[in-house]
Amino acid sequence: MSAPSSGHGKTAIAVGLLAAMAARGLSTAGFKVGPDHTDAAYLGLAAGRPGRNLDPRLVGAQRVAPLFGHGASGAQLSVIEGAMGLFDSLTGQPEIDGTAAVAAALRAPVALVVDVAAMGHSLAALVHGFRMFDEMVHLGGVILNRVASPRHEQMLRSALDDIGMPVLGALRRGDLPNVLPSRAHGLVPVAHRTVEAGRAVRRLGEAVAQALDLDRLMALANSAPPLPGPLWTPSEAAGEPVEARVVVALAGGPGAPYTYVETAELLTAAGAEVVIVDPLRDESLPSGTRALIVGSGLPEGYAEELSANHRLCAEVARFARDGWPVIAEGVALPWLGRELDGRPMCGVLDLTGATGEQTVAGYREATAPGSSVLAPAGARITGYKQHRAVVTPRAGTAPAWTWSGGNPEGFVWRQVHASQLGLHWAAAPEIAKRLVAAAVAGPSMPSTLTPPMPVPQMSGGPAQPAPSGVPGPAQGIPGPSGPVPVPVGVPGNGPVPAGTLLPGPESDPTPTTGPVPGMVPFDGSVEGGSPAHGPVHGMPTAAGPMFGMPPAAGPVLGAPLAGSGMAPINGPGPGMAPTNGSGAGMAPANGPGVFSPNGPISPRPGSGTPNSGPVHGTHNPGPSHGPGDVSDTHPTSDLPIPS
């Protein structure tokens, strides 16, 4: 499901199509091209199974088809919602990571959603151009959105009939209700299973069922050929599990985790018992927790709710101080700091966060400068960051990541790994095995180390400074008496290896990975004025181990899957026949079930009431979902947000 550009209504129609087909009794699966957590969550809610992301940049092109086959296992219909326009890409390389590239790799037929409110016969020229632009992409039909009148619809149908393009349905102005919750809520309404989210999906399903030719759409999907190559399986990716099962707390809700679904599956396959903990609701960690993971899907707009959960903040501070593994991404970085927008947070790391006016968004080819609970020194992986919060300092003495052209980012302290960079663990499944092994081993650090910040008081007031003369932590969080040296061999706390980049001033001149139509360059107020144009650093340039990248010098972690049957995206090749109009790639694949090989994740009972009301944080709410794309617009962003 794609469109000529953002804002044509593809998200609402994709969600509605899944809901309409599910109401017919079909088993469905929903996927989102790109890194966006929110769209994937609503697609999953409509399908009745976890929504998944297909992002060649994050996981590698060779894993897209195996991951799709895994997620579509047992489904009669899979709907893949594209990002931006059909031939667009956030990185400026649509032949690698655009919607068309994913459609070609899966041989999936494309239904093009077009907002025709101000269009006439020119629609035929537009659609013909999209059909002929890439011979590897099969355009199977058009869905007309915001048709003005019966006469207007007849004119458009006649124009498309002249070029032999089927019309798969037509929605009049107002047919598609503007009901999806505001973008500022992120995936929280789905994670909390709010009445608002469920009602929105149901109403979209009813609208789509009345306006679209569901039988013709199903026939188009059934025309897809089988997927080549094997399916991705968490057990094969994670390797042999540890013998002793340990409890790993994963941030999320009963409806969805605040990270990619494959994270939970890989942890389970590696030997963990994954239990959901909700930082917005739960006041304590699950009983027996030995590791905590907070993914990048947690929205920034909930800073007030995060701060108000004093009991959980205090427990997380003690948990990290005691040396247990903690992985934090996105807003979880300032959550572990002293404060965010003046609100007290966990106080694990000596940093403060403030919400800026612009959204920082883009991929980063990151390198681990030192060993940590997440990665060995020198490991490389592609991550995605999208945030408005700016933290000070940007990095500790032992940063989490470095990348070409930018200053180090994030903090590694004891067994804490915190950064605003979000990762897709399917690109490097050894992360799960590494984390579970650390959880089994337990705390590993000198008992003389003091916490970087005092544990927050239950009153919710700001954390008190450490008494004069009390040593601060060793990793970039000096106390009044200076840093404490850390003995060699402490995980995540060893001396910084020779050649490691040290933190500098708050800046990040890293290119935002390529021009995109309509992109406005930074004005210098966020991350040092990163240029909006420039080359894409898509390939490794240094020796050492790496995650999910083509082999360079040194051992390879997350190597490409053998025999995946993938073919070059730009032309026919082994395992991929040229598209000839017969349709492509939505055929369900046979294989193991989804979400967790050892059963579904057990949600932890929460406390308090569901937060289904307006966001009280500092994140300015964006436009509501509805006829426009769910995540294609952002009122405070100078970069296009992938959707």
Side-chain angles (χ1 to χ4, degrees), residues 57-60 62-63 237-239 266 270 325-329 333 363-385 394-438 441 444-445 474-476 486-504 508 510-511 513 535-560:
R57 183 68 63 177
L58 288 183
V59 303
Q62 78 281 356
R63 290 188 179 92
L266 287 167
V326 178
I327 306 296
E329 297 178 346
L333 172 61
Y363 295 92
R364 298 291 187 270
E365 309 293 339
T367 301
S371 183
S372 71
V373 68
L374 188 144
R380 282 170 287 166
I381 192 171
T382 300
Y384 182 79
K385 58 187 309 185
R394 179 179 173 82
T397 302
W401 301 111
T402 60
W403 44 73
S404 176
N407 288 323
E409 174 178 302
F411 294 75
V412 173
W413 178 77
R414 295 187 180 173
Q415 295 208 76
V416 175
H417 186 284
S419 167
Q420 289 175 297
L421 190 71
L423 305 180
H424 197 306
W425 287 19
E430 52 268 44
I431 295 177
K433 193 170 184 178
R434 186 180 182 89
L435 181 68
V436 172
S444 177
M445 62 178 190
Q475 293 302 318
V486 181
V488 176
V490 179
N493 286 295
V496 179
T500 299
L501 296 176
L502 296 178
D508 181 8
T510 306
T513 63
V536 178
H537 305 287
M539 300 296 293
T541 57
M546 56 188 170
F547 289 110
M549 300 289 292
V556 177
L557 301 177

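- The shortest side-chain heavy-atom distance between L435 and L374 does not fall under the 4.5 Å cut-off.
- Remark: T382 OG1 to Y363 OH distance equals 9.5 Å, nearest 0.5 Å.
- Smallest separation of non-hydrogen atoms from R394 and P408: NE-O, 3.3 Å.
- Heavy-atom minimum distance, E329 versus L421: CG-O, 3.5 Å.
- Separation of atoms CZ (R57) and NE2 (H424) is listed at 15.0 Å; rounding is to 0.5 Å.
- Interatomic distance, CD1 of I327 versus CD of Q415, reported as 9.0 Å (0.5 Å rounding).
- Here the closest heavy-atom approach between residue P369 and residue A377 is recorded as O-CB, 4.2 Å.
- The distance from atom NE2 of H417 to atom CH2 of W401, rounded to the nearest 0.5 Å, is 4.5 Å.
- Considering only residues two or more places apart in sequence or on other chains, A418 meets the side-chain contact (heavy atoms from CB on, under 4.5 Å) condition with A328, L333, L336, L349, V416.
- Here the closest non-hydrogen pair linking V373 and P325 is CG2-CB, 3.9 Å.
- Here the shortest heavy-atom pairing between Y384 and L58 reads N-CD2, 3.9 Å.
- The shortest heavy-atom contact between A400 and V412 is CA-CG2, 3.8 Å.
- In this structure, R380 CZ and T402 OG1 are separated by 10.5 Å, a value rounded to the nearest 0.5 Å.
- By the side chain to side chain donor-acceptor pair (under 3.5 Å) test, S419 pairs with E409, sequence neighbours left out.
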